[in-house]
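What follows is a short report on a single structure.
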Amino acid sequence: MVKSAFIVALALSAFGITAQASSAERALRDLLLSRQPAQAQDSKPTSQGKPAPSTVATPPQQTPQAQPKRRPRTADLLGGLLSFVAEPPQTLEEERNIGRTVAGSLLGAAPLVHDDQLQRYVNLVGRWVALQSERPDLEWRFGVIDSEDINAFAIPGGYIFVTRGLYRRLNSEAELAGVLGHEIGHVIRKHHLRMMQQSRALADLGAVVGKRMEGGSAFARNFMGNFWEALARGLDKDAEYEADRIGMVLAARAGYDAYGLPAVLQEIGRVSASDSRVAFLFKTHPHPDDRFAMLSEAVGSRLDNLPEGKDLTARFYRIH
Amino acid sequence: MIRDDQLRAAASTAAAVTAQVPRGAKVEVLARQGGWVQIKVSGQTGWVRMLSVRTTDTAQRDVGGELAGVIGMGTRQADTGRVVSVAGVRGLNEQDLKAARFNAQELERLDRYVVSRDEAQSFAREGGLAARSLDYLPAPAQANRQSSPWGEPQW
């Protein structure tokens, strides 16, 4: 039930992604609060018969390792409840603040590849694709990070990272545009901010409001731990499928071949799931074959009359 | 084929339909052109929509799927985020991310590559890219969905 409500919330966001919640969104929250607040991440339709949680006093400290697999965690329940009450930190400054903290942490795990031309190139392609979105003037930053993993990351505020392992598998500028378009989709739909709202990072998120977060502080480190923990559980699958649809459309709007992203999904679908380089990607995303099938379903004959875009294979900046 | 489609003489809906290719048919992919792939099916060659054909090896995927299930079980219980990693290769999993220290220097380096609106536009012009309008794609209806062969993720 709550999962479908989350989807509704995402759909609503498509119409009003600006700072304030619409009255419809508030009405939705009221409606949800009159029902049972369940946690959102792994909710299944079968959760309907459970009683609403009666306590919010359980300490937020939790050790996921010690928890039974399917039991909703109190902190998650609390997060699920609060997410429909409290406004998330949605001013641009707050989003930027969170983004810098998360981006700095990711770069701590894997620094930028030392290749100025490469980094400049992905910023040119990425900014051009982002200009086709509803948030063209966010402080977009793109980077290729030094990891053999095959993955890409979107961070609130407009930070997008692609691993060297993924970049190396790309064959054209259109494919890069599709991948960046998917990540841009997460940012413009604020999927990660919504994710944090629904996890215990919400409490931290509340504390971030109106504060400058120093990257190295204990508070920021704690916040980051919670952020990555929530990220490792993965976004809602529908958020991933939505980002795929956005990725294709943004690439097409930018004049590229719209089919770069599905081509990349085919490519990474060939990597064995037992390969450690795709373990984190496959853990946090639906399988590439399922994503491809969902795109197939969504596109149908809708793009039949779209003139073929450019793939710009010759201009594509290759690395080894 | 992951959906029924029509085989056409050229990569366009304006081209003549030469055959029907049903979902499940095994085809050989010869080439891709934009949203179309040239295929060979029962001796006939023609074009179908690129998104109608899955080119990944199902046999390999099924094996991978089982392994993914095993890894998934582990990560959902005691070994959150722990995966087998190859020695000497920098991984990027939950543990690596949680252990990471904020890197202000790299963040400043990233800022140096920032591209302005004007720079992006002239880069696009150089590549012959022209912006065009296109609506976002709506989500397909829930009822049409195929679920993953190894079931819903449990995390």
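Proteins come first, then strands; the chains are lettered A, B, ... in the order of their sequence lines, and each starts at number 1. Just so you know, these numbers use all the heavy atoms, side chains as well, and skip hydrogens, waters and symmetry mates.
- Taking Thr13(B), Val114(B), Leu110(B) one by one and counting their heavy-atom pairs under 4.5 Å with chain A, the maximum is reached by Leu110(B).
- The parts of Arg132(B) that come within reach of chain A are both its backbone and its side chain, each placing non-hydrogen atoms under 4.5 angstrom from that chain.
- Here the closest non-hydrogen pair linking Ala131(B) and Gln132(A) is CB-OE1, 3.6 Å.
- Taking CG from Leu97(B) and CE from Met224(A), the interatomic distance works out to 8.0 Å, rounded to the nearest 0.5 Å.
- Proximity to chain B is absent for every atom of Asp311(A), based on heavy atoms less than 4.5 angstrom apart.
- With a 4.5 angstrom heavy-atom cutoff, Leu131(A) touches chain B only via side-chain atoms.
- Of all heavy-atom pairs spanning Leu92(B) and Ala110(A), the tightest one is CD1-CB, 4.0 Å.
- Between Leu112(A) and Tyr113(B) the shortest side-chain heavy-atom distance falls below 4.5 Å.
- If you measure heavy-atom distances from Glu173(A) to chain B, the contacts under 4.5 Å come from the side chain alone.
- When side chains are defined from C-beta on, Asp304(A) counts as touching Arg49(B), because their heavy atoms get closer than 4.5 Å.
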Practice task
Carefully, step by step, assess Arg54(B) and Leu265(A) under the rule side chain to side chain contact (heavy atoms under 4.5 Å, CB included).
Solution key: CA-CA 10 Å; Arg54(B) 186 176 66 205; Leu265(A) 292 175; over 6 Å; no
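- Both the backbone and the side chain of Asn123(A) come within contact range of chain B, judged by heavy atoms closer than 4.5 Å.
- Proximity to chain B is limited to the side chain of Arg315(A), based on heavy atoms less than 4.5 angstrom apart.
- With a 4.5 angstrom heavy-atom cutoff, Phe153(A) touches chain B only via side-chain atoms.
- Seen from the ring of Tyr136(B), Arg253(A) counts as a face-on cation partner, given the 6.0 Å and 45° thresholds.
- Side-chain contact between Glu94(B) and Leu231(A): absent, with no pair of heavy atoms (C-beta onward) separated by less than 4.5 Å.
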Problem - Chi angles and distances behind the side chain to side chain contact (heavy atoms under 4.5 Å, CB included) call for Phe280(A), Asp96(B) - result: CA-CA 11 Å; Phe280(A) 197 58; Asp96(B) 303 323; over 6 Å; no
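- If you measure heavy-atom distances from Ile145(A) to chain B, the contacts under 4.5 Å come from the side chain alone.
- Interatomic distance, Lys98(B) NZ to Ser105(A) OG, rounded to the nearest 0.5 Å: 11.5 Å.
- Of all heavy-atom pairs spanning Glu297(A) and Pro140(B), the tightest one is CG-CB, 3.3 Å.
- Salt bridge absent: Asp135(B) and Arg302(A) never bring a charged side-chain N and a carboxylate O closer than 4.0 Å.
- The most heavy-atom pairs under 4.5 Å with chain A, out of Arg32(B), Glu108(B), Arg112(B), come from Arg32(B).
- In this structure, chain B has heavy atoms under 4.5 Å from both the backbone and the side chain of Ala103(A).
- In this structure, chain B has no heavy atom under 4.5 Å from any part of Ala174(A).
- Counting heavy-atom pairs under 4.5 Å between each of Ala263(A), Gly255(A), Pro288(A) and chain B puts Gly255(A) at the top.
- Ser133(B) pairs by the side-chain contact (heavy atoms from CB on, under 4.5 Å) definition with nothing, not counting sequence neighbours.
- Here the CG-OG1 distance, from Asp289(A) to Thr55(B), works out to 8.5 Å after rounding to the nearest 0.5 Å.
- For Asp111(B), the parts lying near chain A are the backbone and the side chain together; criterion is any non-hydrogen pair under 4.5 Å.
- Neither the backbone nor the side chain of Val37(B) comes within less than 4.5 Å of any heavy atom in chain A.
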Atom pairs and distances, side-chain donor-acceptor, residues 117-130 of chain B, under 3.5 Å, sequence neighbours left out:
unit_1: Arg117(B); atom_1: NE; unit_2: Asp137(A); atom_2: OD1; d: 3.3
unit_1: Arg117(B); atom_1: NH2; unit_2: Asp137(A); atom_2: OD1; d: 3.3
unit_1: Arg117(B); atom_1: NH2; unit_2: Asp137(A); atom_2: OD2; d: 3.1
unit_1: Glu119(B); atom_1: OE1; unit_2: Arg120(A); atom_2: NH2; d: 3.4
unit_1: Glu119(B); atom_1: OE1; unit_2: Ser116(B); atom_2: N; d: 2.8
unit_1: Glu119(B); atom_1: OE1; unit_2: Ser116(B); atom_2: OG; d: 3.3
unit_1: Glu119(B); atom_1: OE2; unit_2: Arg120(A); atom_2: NH2; d: 3.0
unit_1: Ser122(B); atom_1: OG; unit_2: Asp118(B); atom_2: O; d: 3.4
unit_1: Ser122(B); atom_1: OG; unit_2: Glu119(B); atom_2: O; d: 3.3

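- Proximity to chain B involves both the backbone and the side chain of Ser301(A), based on heavy atoms less than 4.5 angstrom apart.
- Taking both residues in full, the closest heavy atoms of Leu51(B) and Pro262(A) are given as CD2-CB, 3.7 Å, listed atom of the first, atom of the second, then distance.
- The choice from Trp140(A), Phe142(A), Tyr259(A) that makes the most heavy-atom pairs within less than 4.5 Å of chain B is Tyr259(A).
- Contact record, Tyr159(A) with Leu107(B): CE2-CD1, 4.2 Å, taken as the closest heavy-atom pair.
- For Leu124(A), the parts lying under 4.5 angstrom from a heavy atom of chain B are both the backbone and the side chain.
- Between Leu106(A) and Glu106(B) there is no side-chain heavy-atom pair separated by less than 4.5 Å.
- Contact check for Leu134(B) versus Leu306(A): side-chain heavy atoms found under the 4.5 Å cut-off.
- Proximity to chain B involves both the backbone and the side chain of Val125(A), based on heavy atoms less than 4.5 angstrom apart.
- Contact annotation for Pro307(A): both backbone and side-chain heavy atoms come within less than 4.5 Å of a heavy atom of chain B.
- For chain B, the nearby parts of Ile246(A) are the backbone and the side chain; heavy atoms of each come within less than 4.5 Å.
- In terms of heavy atoms, Ala109(A) sits closest to Ala100(B) at N-CB, 3.4 Å.
- Note on Ala258(A), Ala314(A), Ala254(A): by heavy-atom pairs under 4.5 Å with chain B, the leading option is Ala254(A).
- The candidate from Asn151(A), Val102(A), Val249(A) with the greatest count of non-hydrogen atom pairs under 4.5 Å with chain B is Val249(A).
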